[in-house]
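Have a look at the structure below before the remarks.
All figures in this text were calculated on a predicted structure; none of them were measured in a lab. Note on naming: letters A, B, ... go to the chains in the order of the sequence lines (proteins, then strands), and numbering restarts at 1 for each one.
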There are 4 protein chains.
Amino acid sequence: MTITAEQGHRGGRPRSERADKAIIEATLDLLAAEGGVDAVSIEAVAARAGVGKTTIYRRWPGKESLIVDALAAIKAPPPEPAGESVRDDLIAQLDAKRMDMADPRIGCLFWTVQSSAEKYPELARQYAERLVEPRRDKIRQVLRRGAESGELRADLDVETALMLLGGALHNRNRAPAENLPEDYVARVVDMFLLGAYVR
Amino acid sequence: MTITAEQGHRGGRPRSERADKAIIEATLDLLAAEGGVDAVSIEAVAARAGVGKTTIYRRWPGKESLIVDALAAIKAPPPEPAGESVRDDLIAQLDAKRMDMADPRIGCLFWTVQSSAEKYPELARQYAERLVEPRRDKIRQVLRRGAESGELRADLDVETALMLLGGALHNRNRAPAENLPEDYVARVVDMFLLGAYVR
Amino acid sequence: MTITAEQGHRGGRPRSERADKAIIEATLDLLAAEGGVDAVSIEAVAARAGVGKTTIYRRWPGKESLIVDALAAIKAPPPEPAGESVRDDLIAQLDAKRMDMADPRIGCLFWTVQSSAEKYPELARQYAERLVEPRRDKIRQVLRRGAESGELRADLDVETALMLLGGALHNRNRAPAENLPEDYVARVVDMFLLGAYVR
Amino acid sequence: MTITAEQGHRGGRPRSERADKAIIEATLDLLAAEGGVDAVSIEAVAARAGVGKTTIYRRWPGKESLIVDALAAIKAPPPEPAGESVRDDLIAQLDAKRMDMADPRIGCLFWTVQSSAEKYPELARQYAERLVEPRRDKIRQVLRRGAESGELRADLDVETALMLLGGALHNRNRAPAENLPEDYVARVVDMFLLGAYVR
DNA sequence: CAATAATCGAGACGGTACGTCGCGTCTTGGG
DNA sequence: CCCAAGACGCGACGTACCGTCTCGATTATTG
């Protein structure tokens with residue numbers, strides 16, 4: 001996402017870590033403040049971080065990738081599955097996701113990234129790789145373990161299951177502020193496990 | 001979304017239909033062209049439509065609502081459910097949606113609207129109400145009919161089912177260009193119907 | 001020099017005279033203030049005039065031409081030759097020039113324009129045409145009248161004479177602040193009239 | 001103008017002569033290339049010379065003095081007066097100057113220096129002292145010898161004469177590219193020698 | 001011969017100003 | 001009352017250089 005050179009530099013003054021941190025900090029501050037993503041302008045970030053605009057552009061190609069990096073810096077790691085019950089583990093994973101999406105600083109980011117995917121495919125790719133996929137992997141783990149232990153059907157199509165479960169949290173049809181009820185995740189997981197057909 | 005007065009006007013020159021059409025046309029052209037949503041600026045639309053900016057602002061409050069109206073003008077209406085098999089009807093509905101999402105002019109719009117929902121909640125509301133909800137209603141119909149006819153369990157939670165089914169098409173984790181396979185919808189519907197637990 | 005359209009405008013809002021004046025005023029203020037030509041940045045002018053940068057760029061292509069226009073607005077018109085004595089008239093004309101060159105707001109302009117002539121030839125042309133040539137014309141008048149009246153030699157090469165007289169005031173070899181003595185102009189004119197050869 | 005230490009250094013690595021030359025070369029190249037004085041930025045010089053910016057700033061305080069030094073490196077020394085005829089000697093001296101002014105690399109420099117005199121008085125002083133005054137001294141020599149030999153009037157005001165003669169070559173009123181005709185210098189000298197009054 | 005000390009190239013730093021774009025509003029003359 | 005044209009103040013964009021400041025790597029001269 002970032003352009004920051006991580007290979008050892010050959011010559012010249014090395015990049016300032018202080019600047020790195022100040023920029024990320026300033027970005028998060030602006031993101032949190034009234035105004036949201038729109039309040040994050042490179043000029044504002046530079047001013048608040050006490051940094052030249054150049055210093056930002058040297059590291060990131062634009063505000064989108066800057067924001068994603070800033071988010072990556074604060075997003076909590078996904079919970080570790082306990083491994084006792086597939087149902088409990090799925091609920092735990094999805095609930096963590098539900099809470100992320102409810103945080104205006106984090107939730108809105110997902111949509112932003114998706115909407116600009118056409119313009120900045122690399123950004124979307126990095127976002128998926130660094131923030132989305134690790135969480136999806138946890139769910140894959142749970143599903144595979146369930147299929148192996150006999151709790152779930154053995155021929156379960158894990159990827160399709162992932163789409164059903166994950167999508168249920170994206171499928172907004174109201175303003176983001178309208179949060180999902182607490183028992184929503186449990187209902188989703190149960191319907192997924194039992195199916196719609198009569199048994 | 002549009003502000004267009006539909007009540008009979010009392011005095012003065014009536015609004016030009018030519019302008020109306022030219023503006024929508026220009027918007028769709030820009031939307032289709034390389035650059036996507038970002039290429040749609042009011043100035044560009046006005047120039048391409050051969051219209052004053054005022055003429056646009058007289059009808060729409062900003063570019064977001066203009067875009068939504070433009071989309072509404074081309075999005076095909078959802079198919080009518082045949083009513084024979086729940087499975088077939090669901091597949092038909094979801095496939096229509098899958099094809100919409102694959103159209104770059106339409107698919108990207110969904111993400112754009114969501115991402116700007118924080119800034120323009122009214123836009124997101126209108127988008128949901130005019131474009132999303134009618135399609136969701138068709139699926140609700142199918143599910144209710146299934147529950148009544150005994151094909152689905154009688155106590156089916158329709159809204160939760162809607163989230164599972166609809167979300168599976170939003171749950172992108174790659175670039176939008178990467179289209180979903182043709183049998184994807186069928187697999188989703190089957191998993192939804194049968195559930196993950198062993199039967 | 002300016003780009004201001006002076007032909008009747010066909011459509012659209014006409015250019016604001018208030019803005020015109022405010023911009024010129026601000027330019028002159030900055031020019032007069034500590035810092036001189038260097039303190040005149042488009043941004044500073046816009047800020048002080050309470051005007052958008054765009055409004056300036058709509059009228060002038062850059063700061064050089066803006067400055068020249070500002071100067072033209074304050075430079076006093078050259079004195080009218082009395083017509084009694086060639087010597088007196090020449091002294092009057094050159095003294096006006098000497099006093100212009102001594103004014104830091106005006107004098108430095110001449111050098112600025114010349115130095116940027118390579119980059120902005122049109123600017124230099126306009127400066128010469130609008131500010132320099134009218135004053136040179138007055139001197140031409142005096143010289144021609146002198147040649148006709150028999151006070152000067154009949155075959156006088158007016159253009160060469162102009163170069164000798166005018167140049168004597170440009171031929172700086174110290175800082176501009178070091179002003180020329182009051183009787184300098186008289187000495188120049190006398191040497192020009194009498195020549196260097198023994199008579 | 002340069003800051004180059006010429007006293008024997010006590011310790012440490014000596015300054016690289018290669019760098020010295022490369023910098024001057026690069027400066028002249030940029031000066032000669034399309035764009036003129038404006039194209040000479042320290043960054044561009046450093047890049048073209050394959051040198052760090054520090055290496056330039058260690059030797060010169062800014063781009064103005066660098067340019068003057070670069071010019072000094074190529075400006076031909078003034079011709080030695082033959083001493084036979086005042087008229088011929090003056091023509092020789094002024095013609096050398098005329099040819100200098102016609103060279104775009106050298107001529108434009110004069111104007112640049114004058115125009116930035118307000119901001120960098122030291123630059124103007126050095127330019128005058130090192131490049132202008134030696135040439136003016138040659139003309140002083142010629143004039144004094146003429147006054148002593150009786151060819152010119154004994155009470156000739158040498159400094160005023162210098163202004164008349166020298167200024168005639170500066171008194172541009174068109175673009176610098178418009179060169180002066182070849183016989184121009186002769187006409188100036190003759191008018192200076194004979195005067196404008198009828199004899 | 002090692003220590004010292006100044007220089008080298010490279011390039012990042014905080015800044016200022018640039019000239020452009022698009023926003024949403026305002027203001028013309030003319031249907 | 002609408003239309004097109006286009007100017008208005010504004011805010012952000014991304015770029016170019018400024019002059020300063022580190023870096024690690026070379027050189028010469030000195031103790």
Do the side-chain N or O atoms of [X] get closer than 4.0 angstrom to the phosphate oxygens (OP1, OP2) of [N]?
X	N	value
Thr55(A)	dG14(E)	yes
Ser16(C)	dA7(F)	no
Arg58(B)	dC3(F)	yes
Arg18(C)	dT27(E)	no

(message) Need to verify one output field. Residue with the more 5' nearest nucleotide on DNA chain E, Ala49(A) or Gly11(A)?
(response)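 Mapping each residue to its closest nucleotide by heavy atoms, the 5'-most match is Gly11(A).
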(request) Using heavy atoms to find the nearest nucleotide of DNA chain E for Lys63(C) and Val51(A) separately, return the residue whose nucleotide is more 5′. (result)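 Looking at DNA chain E, the more 5' nearest nucleotide goes with Val51(A).
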(request) Can you check whether any acceptor in the base of dG14(E) is under 3.5 Å from a donor in the side chain of Lys53(A), or vice versa? (result)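 No, the side chain and the base share no sub-3.5 Å donor-acceptor pair.
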(message) Under 3.5 Å, is there any donor-acceptor pair linking the side chain of Arg13(B) to the base of dC3(F)?
(response)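 Such a pair does not exist between side chain and base.
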How long is the line joining [atom1] of [X] and [atom2] of [N], in whole Å?
X	N	atom1	atom2	answer
Asp20(B)	dC3(F)	CG	C1'	13 Å
Arg59(D)	dA6(E)	CZ	P	15 Å
Ile56(B)	dT25(E)	CD1	C1'	14 Å
Tyr57(C)	dG9(F)	OH	P	15 Å
Ile67(B)	dG22(E)	CD1	P	14 Å
Asp38(B)	dC23(E)	CG	P	10 Å
Glu17(C)	dT27(E)	CD	P	15 Å
Glu64(A)	dA12(F)	CD	P	15 Å

Between [options], spot the one nearest the side chain of [X], thanks.
X	options	value
Ile42(A)	dG14(E), dG14(F), dC3(F)	dG14(F)
Pro14(C)	dC8(F), dC3(F), dT28(E)	dT28(E)
Glu43(B)	dC23(E), dC13(F), dG19(F)	dC23(E)
Ser41(A)	dT15(F), dC8(E), dA12(F)	dA12(F)

(message) Nearest 0.5 Å, please: how far is CZ in Arg18(A) from CD1 in Ile23(A)?
(response)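 The CZ atom of Arg18(A) is 11.0 Å from CD1 of Ile23(A), to the nearest 0.5 Å.
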(request) Look up atom OG1 in Thr27(D) and atom CG in Leu71(D), then write down how far apart they are to the nearest 0.5 Å. (result)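 Reported value, rounded in 0.5 Å steps: 10.0 Å.
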(message) Set out, in order, the CA-CA distance, both residues' side-chain angles and the distance that settles side chain to side chain contact (heavy atoms under 4.5 Å, CB included) for Tyr57(B) and Ile42(B), then state yes or no.
(response) CA-CA 9 Å; Tyr57(B) 280 111; Ile42(B) 296 286; 3.6 Å; yes
(message) Regarding Asp69(D) and Arg130(D), does a basic nitrogen lie under 4.0 Å from an acidic carboxylate oxygen?
(response)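 Arg130(D) and Asp69(D): salt-bridged.
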(message) Please determine whether a side-chain nitrogen of the Lys or Arg among Arg59(A) and Asp20(A) lies less than 4.0 Å from a carboxylate oxygen of the Asp or Glu.
(response)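 Salt bridge between Arg59(A) and Asp20(A), a charged N being under 4.0 Å from a carboxylate O: yes.
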(request) Quick one: label Gly62(A) by what it contacts on the DNA or RNA (base, sugar-phosphate, nothing), any heavy atom closer than 4.0 Å. (result)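 Contact class for Gly62(A): none.
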(message) Counting the atoms with a prime plus P, OP1 and OP2 as sugar-phosphate, which does Thr54(A) contact under 4.0 Å by heavy atoms, base, sugar-phosphate, or nothing?
(response)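 Base contact.
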(message) Assess the residue pair Arg48(D) and Glu25(D) against the criterion (side chain to side chain contact (heavy atoms under 4.5 Å, CB included)); give the C-alpha distance rounded to whole Å, side-chain angles, the decisive distance to 0.1 Å, and a yes or no.
(response) CA-CA 9 Å; Arg48(D) 176 176 271 258; Glu25(D) 278 292 308; over 6 Å; no
